[in-house]
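Report on the structure given below.
Just so we're clear, the structure is a prediction, and the values are computed from it rather than from any experiment. Residue numbers start from 1 in every chain, and the chains themselves are labelled A, B, ... in the order their sequence lines are given, proteins ahead of strands.
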Amino acid sequence: MPLSDFQPVIGLEVHAQLLTKSKIFCGCSTEFGAEPNRNTCPVCLGMPGVLPVLNQRVVEFAVRTGLALGCTIKKTSIWSRKNYFYPDLPKGYQITQYDQPICEWGTLTIDMPEGEKTIRVRRIHMEEDAGKNVHDASVGESLVDLNRAGVPLLEIVSEPDLRSADEAVEYLKALRDVLVYLGVNDGNMEEGSFRCDANVSVMRKGETQYGQRVELKNINSFRFIKQAIEHEIGRHVEVIESGGKIVQETRLWDTQRGETRSMRSKEDAHDYRYFPEPDLPPLHVPEALIDQVVKGLPELPRPKIQRFMSQYGLPAYDAKLLCAERPLADFFEACTQHSKDYKKLSNWFQGELARLLNESGGAVTISTLKFTPAQFAELLTAVEKGTLSNNAAKDVFGEMFRTGKAPEAIIAEKGLAQVSDAGAVEAVVDEVLAKNAGEVEKYRGGKKQIFGFFVGQVMKAMKGKGNPTLVNDLLKKKLGD
Amino acid sequence: MELTELSMLELAAKLAAGEVSSVEATRACLARVAQVDGQVKAFLRLDEKGALAAAEASDARRKAGNPASPLDGVPIGLKDIFLTEGVETTCGSRILQGFVPPYDATVVRLLKEAGLPVLGKLNMDEFAMGSSNEGSAYGPTHNPWRLDRTPGGSSGGSAAAVAAREVFGALGTDTGGSIRQPAAFTNLVGLKPTYGRVSRYGVIAYASSLDQVGPMTRTVADTAELLQLIARHDPLDSTSAPTEAPDYRADLESGVRGMRLGVPREYFINGMDPDVESTVREAMKAYERLGATLVDVSLPHTKYALATYYLLAPAEASSNLARYDGVRYGVRAKDARGLREMYGQTRERGFGAEVKRRIMLGTYALSAGYYDAYYVHAQKVRTLIREDFSRAFAQVDAILSPTSPVVAFKLGDKVDDPLAMYLMDVFTLPCNLAGLPGLSLPCGFTKKSMPIGLQILGKPFDEARLLRIARAFEREHDFHRRFAPL
């Protein structure tokens, strides 16, 4: 089956839950994990007579996302009703944006091994989430939890510009990074606050007409997205090669069996009967709001990585790691105010800091670090100046991490200060050489490799606090090198 | 004069003077209900306890010299479309049987805060769809003027209760004429305010872009006073006007001298009751005598209003009524197997014929492939109708017309002819499509003593002028002082 004869075409629809405290059309909490139906009121329950009132924060978040992706922000957009029956949809319709969304035509650039690629973002619109049906097989009943009903979502729709499962995954990762950087989404795929539908089709290479597409619904991890799309591409090629036709349908990814399976065909596709929501006036986005959002836009991941490379002379690998999360990058930059050895700083971030954060199992994050960038820099300077050995510095750092005490205080407390007094070191060196006359003889006789032995003895005698450079220099001098 | 024959303001004056208590007035209403409602059938349910408790509280405030509003203590009734916390609200439908709302509609809260005892919930066409009250799942209401006649609809219960002196005033809703037409059929003043003037929060939606809440009373001053209590911005209703309401009572007696009143040539049609036409023309002449100038105006798209309305209103209704699915409240088909069957049977049994008809019409109008031809087209015509009015109001201060082409017709007469029934709203619904305020005023009687209504249409948020125009006529006539012979 010559897969290579075919060109996959993929478009993605991402649903991102917005990090607002309250729901999109009422004041109920959006908190995850509350007791079923705790976070509800007549409005999000769809009681008779209720009316929606728009949460302005949702608009602000949509505009922020739109601007970050280079979209045009529509001065006037409208709300529509998408009508369908389902027990988790309390009003019998979802309030969403349809033919006039708030943002249109942006782009997102992704990095692929063969170079960067720009994917077009066709539209971004706001909508309310539905609730959740819970099927209790033990009693043969279905229960409805409407805590999530009315939680604000952004739907971000790409053009079918993606040409492989890898590109799709890169796009999703880049999009998630942007949303998290903007503070509009927590990027949590497991809790469903960042989820995606994929439209997949294939065409023979050289063709211009897209093939029949299939929609893959609600996939909730990068791994599954890659697997589902790849499986679907393979399936399409197989069907076409064996003379069959792809039917337009919606399919689900079966994680157990590692394959997609049909959920519903075009024949029983819904007619959503969209029409303008009469309970909400057209949405006007004032120029002032756009200005305000522009002023508050953070630097986004890609430009930040570029800047870290040029401004701090860091390799791409380091810059990417440091920019993976906004608080990490911010902390790094705060440290650069106090220490100019950026590469060493970066190594400490990737080494000790990453290790300790990891060991804390999430209990400590960059935002809850107890020590300040200035203290961190002070520690590195001490190493640089030779007042602290590398190993001792790790101890001190561990203590700073746990207690937030100043490095100076810890060094004093533990007596970790490195001895750089030449006289004091010389005395120990002399002592060690005197004690090991036999080894000194061998060394002088040409067995140069035992030099480390002398260093070790001196360090041991000095409890590790001897300035290594000084110890080395003095040993070499005394041994007659 | 019987206590129950007083206007709201007359009763308020007696309450203020301490001549009568709110509890006495409430008891008088309850007695009247016991006496006549068996024939009129205006009430779906009484809240005797709640009303008396509210009356007692009102008397205590009056005694303390601290009334909550000018109408504190005046008993009223509410169309069953308004959610009332703790009191069953069915919207005239079987599907909401047993539904006890957990919250008050904004207008209900405002009236309670103003101290008006609510006697109970009044009958209506199911989900406000109808022009005769025969669409109620709980049986029709009868017109107090002649019991074999309809009181109009859909706020027919509200109209009948006020006309039969069971309450001093009531609130209705008007989507295509549902306040004005029953007001005309029962000799009341009925006002549909400008769209957005009164909150729709907690009012069960029929067609959201057309629905509006308004007062139904026996005098113009009562309507002004009641409107004053409910016309305000509501942050819970995004379509509620953010402007403050003026004092509707201030210019009530200022007359119409120098006003220009439009007479639309499209509003006198074939098939009109000749008594209605002559009486309305007579009323128009009265305005000339009062110093107004009658101006011939044209509203050329009037002929499309009915068709436009019967596309847009059902379209919105089909969506608004989707929530009655048996899942969370109201009735549920118990023996259904599976979800689809439960939906199907619940809605099949829960909704009446007219509601189903409009859901089907609306679903069809919004369906893929028909949307542009029907819904979008109707929205365009709606714009043309609105522009008709704008042009007319560039020349005149208000527009006069009959409220309904006929007087109250016999119960059962049009039940099997939906189109004939739809024609009952032909003069009232253009005003809803344009979002304008409209008022119906008693202006005379047929030879057989059935009431006739004069409709006064105004510019957006020009309710004060409509009331002033209505009051100018009312002051010179005593039609409103004639009571249903019951």
Side-chain angles (χ1 to χ4, degrees), chain A residues 24-27 37 40-56 78-95 98-99 131 133 135 140-146 149 266 268-283, chain B residues 81-83 89-91 93 96 99 101-106 127 196 199-205 207-211 234-240 312 315-316 318-330 339-340 342-343 347 362-371 375-376 379:
Chain A
I24 183 167
F25 297 123
C26 66
N37 295 306
T40 58
C41 71
V43 173
C44 56
L45 288 176
M47 300 285 277
V50 294
L51 297 169
V53 177
L54 178 61
N55 179 350
Q56 286 301 326
I78 62 165
W79 296 96
S80 291
R81 289 187 185 177
K82 177 180 179 178
N83 295 282
Y84 66 94
F85 285 97
Y86 206 60
D88 72 0
L89 188 71
K91 297 186 292 293
Y93 56 83
Q94 179 193 26
I95 304 178
Y98 181 52
D99 52 350
N133 293 333
H135 304 289
E141 280 186 346
S142 292
L143 307 168
V144 183
D145 177 7
L146 295 175
K266 192 189 179 186
D268 46 46
H270 289 290
D271 177 359
Y272 290 117
R273 304 188 312 278
Y274 284 97
F275 74 103
E277 162 61 279
D279 288 329
L280 286 168
L283 174 67
Chain B
I81 202 168
F82 299 103
L83 293 207
T89 301
T90 64
C91 213
S93 181
L96 275 175
F99 172 63
Y103 74 102
D104 274 330
T106 296
F127 284 104
S199 169
R200 292 185 295 116
Y201 187 77
V203 183
I204 296 178
S208 310
S209 76
L210 302 159
D211 296 343
D234 182 5
L236 297 178
D237 177 355
S238 307
T239 63
S240 155
L312 296 181
E316 293 183 17
S318 71
S319 174
N320 282 334
L321 269 54
R323 71 189 64 197
Y324 308 106
D325 57 5
V327 173
R328 283 150 301 130
Y329 41 73
L339 182 63
R340 272 169 183 256
M342 194 276 280
Y343 284 153
R347 289 167 70 83
T363 302
Y364 189 78
L366 291 174
S367 294
Y370 299 102
Y371 179 79
Y375 183 84
V376 172
Q379 287 291 23

(request) Could you tell me which portion of A:Tyr274 (side chain, backbone, both or neither) has an atom closer than 4.5 angstrom to a non-hydrogen atom of chain B? (result) backbone
(request) Would you mind reporting whether A:Val43 and B:Tyr201 have side-chain heavy atoms less than 4.5 Å apart? (result) yes
(request) Determine the minimum heavy-atom distance between A:Pro48 and B:Ile204, stating which atoms define it. (result) CB-CG1, 3.8 Å
(request) Go through A:Val53, A:Leu89, A:Leu280 and name the one with the most non-hydrogen pairs under 4.5 angstrom from chain B. (result) A:Val53
(request) Tell me, out of B:Leu96, B:Thr363, B:Thr89, B:Asp325, who's got the most heavy-atom pairs with chain A below 4.5 Å. (result) B:Thr363
(message) What part of A:Asp279 gets within 4.5 angstrom of chain B, counting heavy atoms only: side chain, backbone, both, or neither?
(response) both
(request) Please round to the nearest 0.5 Å and tell me the distance separating atom OG of B:Ser319 and atom NZ of A:Lys91. (result) 9.5 Å
(message) Quick check for you: among B:Ser367, B:Ala105, B:Ser199, B:Gly369, which has the greatest number of heavy-atom pairs under 4.5 Å with chain A?
(response) B:Ser367
(message) Between B:Pro101 and chain A, with a heavy-atom cut-off of 4.5 Å, which part of the residue counts as in contact: side chain, backbone, both or neither?
(response) neither
(request) Would you mind checking which part of B:Ala368 comes under 4.5 Å of any heavy atom in chain A, side chain (CB onward), backbone (N, CA, C, O), both or neither? (result) both
(message) For a quick test of reading the model, state the closest non-hydrogen atom pair linking A:Pro278 to B:Arg200 and the distance between them.
(response) O-NH2, 4.3 Å
(message) Report which part of B:Val327 has an atom under 4.5 Å of a heavy atom belonging to chain A: side chain, backbone, both, or neither.
(response) side chain
(message) Between B:Leu339 and chain A, with a heavy-atom cut-off of 4.5 Å, which part of the residue counts as in contact: side chain, backbone, both or neither?
(response) side chain
(request) Pick one of side chain, backbone, both or neither for A:Leu45, based on which atoms fall under 4.5 Å of a heavy atom in chain B. (result) backbone
(message) Less than 4.5 Å apart, side chain to side chain, heavy atoms only: is that true for B:Arg323 and A:Val50?
(response) yes
(message) Using every non-hydrogen atom in the two residues, find where A:Gly92 and B:Ala322 come nearest and quote the distance to one decimal.
(response) CA-CB, 3.8 Å
(request) Carefully, step by step, assess A:Leu146 and B:Arg328 under the rule side-chain contact (heavy atoms from CB on, under 4.5 Å). (result) CA-CA 11 Å; A:Leu146 295 175; B:Arg328 283 150 301 130; 4.0 Å; yes
(request) Below 4.5 Å from any heavy atom of chain A, which atoms of B:Tyr370 appear? Answer side chain, backbone, both or neither. (result) neither
(request) With a 4.5 angstrom heavy-atom cut-off, could you sort out which part of A:Pro90 is near chain B: side chain, backbone, both or neither? (result) both
(message) Parallel, tilted or perpendicular: which one describes the rings of B:Tyr343 and A:Phe85, with boundaries at 30° and 60°?
(response) tilted
(message) For the OG atom of B:Ser318 and the CG atom of A:Asn83, what is their distance to the nearest 0.5 Å?
(response) 6.0 Å
(request) Would you indicate whether the side-chain heavy atoms of A:Arg81 and B:Ser208 approach each other to under 4.5 Å? (result) yes
(message) At a 4.5 Å cut-off on heavy atoms, which part of B:Leu83 comes close to chain A: side chain, backbone, both, or neither?
(response) side chain
(message) With a 4.5 angstrom heavy-atom cut-off, is it the side chain or the backbone of B:Ala365 that approaches chain A, or both, or neither?
(response) neither
(request) Please name the pair of heavy atoms, one in B:Tyr103 and one in A:Gly49, separated by the smallest distance, quoted to 0.1 Å. (result) OH-C, 3.3 Å
(request) Could you go through the side-chain contact (heavy atoms from CB on, under 4.5 Å) check for A:Arg273 and B:Tyr371 one step at a time? (result) CA-CA 8 Å; A:Arg273 304 188 312 278; B:Tyr371 179 79; over 6 Å; no
(request) Measure the shortest side-chain to side-chain distance between B:Tyr375 and A:Pro276 over non-hydrogen atoms and say whether it is less than 4.5 angstrom. (result) yes
(message) So for B:Tyr324, is it side chain, backbone, both, or neither that comes closer than 4.5 Å to the heavy atoms of chain A?
(response) side chain
(message) Using only atom types and a distance under 3.5 Å, with no angle test, would you say the side chain of B:Ser238 pairs donor to acceptor with the backbone of A:Pro52?
(response) yes
(request) Give the minimum heavy-atom separation between A:Leu51 and B:Leu236, together with the two atoms involved. (result) CB-O, 3.6 Å
(request) Would you give the length of the straight line joining atom CZ of A:Phe275 to atom OG of B:Ser209, rounded to the nearest 0.5 angstrom? (result) 8.5 Å
